[in-house]
Every structure is written in structure tokens, then in C-alpha cells.
There are 2 protein chains.
Amino acid sequence: MGGSQIRRNMPLFSIGIVMQLTDLTARQIRYYEEHGLISPARTEGNKRLFSLNDIDKLLEVKDLIDQGVNLAGIKQIFNVKQQQDDVLTDEDNQEAEKVRKDLSDAELRKLLRKELLRAGRFNRGHGNPPRLQ
Amino acid sequence: MGGSQIRRNMPLFSIGIVMQLTDLTARQIRYYEEHGLISPARTEGNKRLFSLNDIDKLLEVKDLIDQGVNLAGIKQIFNVKQQQDDVLTDEDNQEAEKVRKDLSDAELRKLLRKELLRAGRFNRGHGNPPRLQ
DNA sequence: AAAACTATGTTAGATTATCTTACATATAGT
DNA sequence: ACTATATGTAAGATAATCTAACATAGTTTT
């Protein structure tokens with residue numbers, strides 16, 4: 001797990017914002033969580049807090065559902081992608097990972113900003129850039 | 001105006017998250033708003049929603065306050081920077097100017113910091129002098 | 001065709017997060 | 001010494017979110 005991965009996993013967004021960003025209902029988002037497609041963090045008071053990764057996943061879920069894939073299928077797809085990610089991460093990226101891990105807190109905002117700008121194109125291939133606005 | 005401007009001004013973050021991200025209290029954040037240093041958006045139900053720009057500004061406020069600048073001074077500094085931004089934006093060399101602007105954004109902070117540090121040495125009157133380390 | 005399952009809607013009651021307003025207070029400036 | 005600045009804190013109100021339960025249109029399965 002590299003530093004940037006942590007950043008992309010930083011819990012930042014309330015469900016209301018995620019609803020706007022993904023155009024999903026709260027019911028849908030909770031249902032997808034219930035079925036293990038996402039695992040948003042929680043505040044001390046039990047409110048969900050979503051990361052950029054969560055939002056990416058939700059947009060992907062939405063996309064796949066639009067294409068007729070059911071949740072079971074999406075779950076499988078996510079599993080496969082996760083395995084790929086594991087392989088890619090474990091392989092040879094130690095050095096780059098190390099560099100990435102040492103990002104200063106000051107740079108965090110800029111990274112966040114960047115992430116938002118390019119939030120969209122899921123790294124592995126298929127492209128439907130969700131518009132964040 | 002590029003799409004990125006829209007993104008940076010997109011209201012996304014609740015005050016709780018901004019507190020964590022900036023290490024400011026809610027009181028401070030609201031006070032800075034009250035004095036016009038930021039203008040976060042609101043939800044339909046009147047909750048504040050902060051953008052990345054807001055967070056940047058808050059971090060800058062915090063930084064300047066740590067260096068002994070009062071809110072009036074910070075307001076002036078923001079005004080100056082805003083004017084510069086306006087000029088640069090109106091000068092229709094948008095593409096190249098944008099790069100230059102990014103550079104000068106980072107640079108300007110350092111210059112300001114230096115300048116303020118020097119000024120602080122002259123009229124030192126407060127018990128909490130800038131830590132010269 | 002009936003039964004079961006899937007994915008979502010809706011409602012209700014409870015709880016958290018945030019809001020405004022007001023008062024308190026320690027430092028800093030005059 | 002007085003005033004202004006910047007922040008803390010408390011109270012009461014309300015918005016946003018939570019869980020749980022029941023409803024339902026489609027879709028599979030039997």
C-alpha cells in the first residue's frame with residue numbers, strides 16, 4: 001500500500017455529497033455497501049465518510065448496472081481487479097512506492113486537488129470519465 | 001477559465017472534515033468567514049460546504065497567523081493576490097500565463113513569508129515572536 | 001403461475017453534526 | 001487602563017444521516 005493509495009482512501013465526503021457526485025440515491029449507496037462493494041469509513045458518530053476510491057467504485061457500479069450487470073457480477077469484477085492491483089503493487093514498485101510514501105502533509109492538498117481533477121478515468125482501461133460537476 | 005477552476009471551487013467538504021484537514025476549530029473557521037476571508041457555499045439547510053480553494057485559503061490564514069499577521073493584514077494580502085489573479089486572467093495569454101501563475105503562487109508565499117519575517121523583527125512587540133530556528 | 005429473489009423506494013423514529021447567538025476571556029494594541 | 005482582537009464555550013434549534021422495517025416492480029427459479 002503506497003502513500004497515494006492512502007490518500008485516495010482518505011475519508012472525506014459525506015453521503016450527501018457522494019449522492020450529488022454519483023447521482024445515486026442514499027438507498028443505493030447503502031445497499032451497495034451492505035453487499036460489500038464499498039466499505040466507507042465512519043465518523044465517531046457513525047456517519048459514513050467516503051474516499052475518492054469509494055466514489056470511483058460507486059461510479060463504476062453505476063456504469064456496470066447501466067450495462068445490465070447485477071451486483072453479483074460487479075462483485076466478481078471488483079475481485080478480479082483487486083487481484084490485479086495486488087499483483088501490480090507487490091511486484092516491482094518498491095522504490096516508487098517509497099517515494100510516494102514520503103509525501104509531506106503540505107503536498108497533500110495539491111495531491112487531493114489533482115486527484116479531483118483527474119477523478120474519473122479508472123486506471124485500468126475502460127473509460128467513462130464521470131463528470132464531477 | 002478552464003474546467004479546473006470549477007473543480008477547485010466545487011463545494012464538497014463539511015466543516016468537520018475541514019477542521020481535520022486544517023487543524024482549525026469550527027469557531028476559527030466561522031470567524032474567518034465572518035470577516036470575509038472565505039465564503040463557503042451552503043447546503044439547502046444552511047450547512048457550510050467548503051471547496052479546495054477554501055481549504056487552501058484557510059491553510060494560508062493559519063500560516064500567516066502563525067507568523068503574527070492579524071486578520072486585517074491577511075485580508076489585505078488576499079486582496080493583493082486577488083488583484084494579481086485578475087490581471088493575469090484578463091491578460092489573454094491564458095495558456096502560458098497559467099503556468100507562470102502556478103509558479104508565482106508558490107513563490108509568492110515564500111516571498112511574503114520572508115518579508116513578513118523581516119518586518120516582524122523590526123516592530124517586535126508581541127510575546128510570541130516568530131520562531132527563528 | 002406461483003414463489004422467491006433483486007434492487008430500489010419510502011417512512012418513521014433516533015442520533016449526530018452543524019447552525020446561530022450570546023457571553024466569557026486572554027492577549028495585543030492604543 | 002481601556003479597547004479591540006481572536007478564540008473558547010454553552011444552549012437551543014434544525015439539518016443530515018442512521019437503522020430498521022415494510023412496500024414493490026422486475027426478474028429468476030421452481
Side-chain angles (χ1 to χ4, degrees), chain A residues 11-50 54-55 57-58 60-78, chain B residues 11-51 54-55 57-78 116 119-120 122-130:
Chain A
L12 292 174
F13 306 99
S14 69
I15 197 171
I17 290 295
V18 175
M19 289 171 63
Q20 290 181 205
L21 256 35
T22 61
D23 205 36
L24 293 166
T25 66
R27 183 64 163 101
Q28 287 176 302
I29 295 170
R30 296 194 190 111
Y31 187 70
Y32 302 153
E33 176 188 14
E34 195 180 331
H35 288 265
L37 297 178
I38 53 172
S39 297
R42 299 286 182 131
T43 67
E44 219 177 69
N46 204 37
K47 262 68 182 169
R48 288 174 182 80
L49 279 185
F50 299 82
D54 291 328
I55 293 175
K57 278 194 172 181
L58 286 173
E60 207 168 352
V61 169
K62 191 186 155 109
D63 208 45
L64 289 169
I65 281 187
D66 280 352
Q67 296 170 30
V69 184
N70 63 15
L71 287 206
I74 297 175
K75 214 177 299 188
Q76 293 302 317
I77 293 171
F78 280 9
Chain B
L12 292 174
F13 306 98
S14 68
I15 197 171
I17 290 295
V18 176
M19 288 171 63
Q20 291 181 204
L21 255 34
T22 61
D23 204 35
L24 294 167
T25 66
R27 182 63 164 102
Q28 288 176 301
I29 295 169
R30 296 193 191 112
Y31 188 70
Y32 301 154
E33 176 188 16
E34 195 180 330
H35 288 266
L37 296 178
I38 53 172
S39 297
R42 298 286 182 132
T43 67
E44 220 178 69
N46 204 35
K47 262 64 182 172
R48 288 175 182 80
L49 278 186
F50 299 82
S51 68
D54 291 327
I55 293 175
K57 279 194 172 181
L58 286 174
L59 288 168
E60 208 167 349
V61 170
K62 190 186 155 102
D63 208 43
L64 290 168
I65 282 188
D66 280 352
Q67 296 170 32
V69 185
N70 63 14
L71 288 205
I74 297 174
K75 214 177 297 187
Q76 293 302 317
I77 292 171
F78 280 8
L116 287 164
F122 287 140
N123 52 345
R124 62 202 287 76
H126 46 52
N128 197 9

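Predicted, not measured: the structure shown is a model, and the values here were computed from it. Below, read A as the first sequence line, B as the second, and so on, with proteins coming before strands; counting in each chain starts at 1.
The phosphate of C/dA17 (OP1 or OP2) has no side-chain N or O of B/Ser14 nearer than 4.0 angstrom. The side chain of A/Thr43 places an N or O atom within less than 4.0 Å of a non-bridging phosphate oxygen (OP1 or OP2) of C/dA17. For the OP1/OP2 pair of D/dA6 and a distance below 4.0 Å, the side-chain nitrogens and oxygens of B/Tyr32 include no atom meeting the criterion.
Both B/Gly45 and B/Tyr31 sit near DNA chain D, but only B/Tyr31 has its closest nucleotide nearer the 5' end. Between A/Ala26 and B/Ile65, the one whose closest nucleotide on DNA chain D sits nearer the 5' end is B/Ile65. Each of A/Ala72 and B/Gly16 has a nearest nucleotide on DNA chain C; the 5'-most of these lies closest to A/Ala72. DNA chain C is contacted by both A/Asn46 and A/Asn70; A/Asn70 maps to the nucleotide lying nearer its 5′ end (nearest heavy atom per residue).
Atom CG of B/Asp66 is separated from atom C1' of D/dA6 by 13 Å (rounded to the nearest Å). The interatomic distance linking B/Met19 (CE) with D/dT7 (P) rounds to 13 Å, in whole Å. Remark: P of D/dA16 and CD1 of B/Ile17 are 17 Å apart, rounded to the nearest angstrom. Whole-Å rounding puts the A/Lys47 NZ to C/dT18 C1' distance at 11 Å. Atom-to-atom, CD of A/Gln28 to C1' of C/dT8 comes out at 7 Å; the value is rounded to the nearest Å. Rounded to whole Å, atom P of C/dC5 lies 16 Å from atom CG of A/Leu71. Atom-to-atom, CZ of A/Arg30 to P of C/dG9 comes out at 11 Å; the value is rounded to the nearest Å. Counting to the nearest Å, the P atom of C/dA24 and the CZ atom of B/Arg27 are 14 Å from each other.
When atom types are taken as modelled, the side chain of B/Gln76 and the backbone of B/Gly73 share no donor-acceptor pair closer than 3.5 angstrom.
Residue B/Arg48 is in sugar-phosphate contact alone, with no base atom involved, counting any heavy-atom pair closer than 4.0 Å across all strands shown.
Between B/Val69 and the options B/Val61, B/Leu64, B/Asp63, a side chain to side chain contact (heavy atoms under 4.5 Å, CB included) holds for only B/Leu64.
Taking every side-chain heavy atom of B/Ile15 into account, C/dC19 is the closest of C/dC19, C/dT8, C/dT15.
Summarising the geometry, atom CD1 belonging to B/Ile17 is positioned 4.5 Å from atom CD belonging to B/Gln20; distances are rounded to the nearest 0.5 Å.
Across all their heavy atoms, B/Lys57 and B/Ile38 have their closest contact at CB-CG2, 3.9 Å.
Taking 4.0 Å as the cut-off between side-chain N and carboxylate O, B/Arg42 and B/Glu33 count as a salt-bridged pair.
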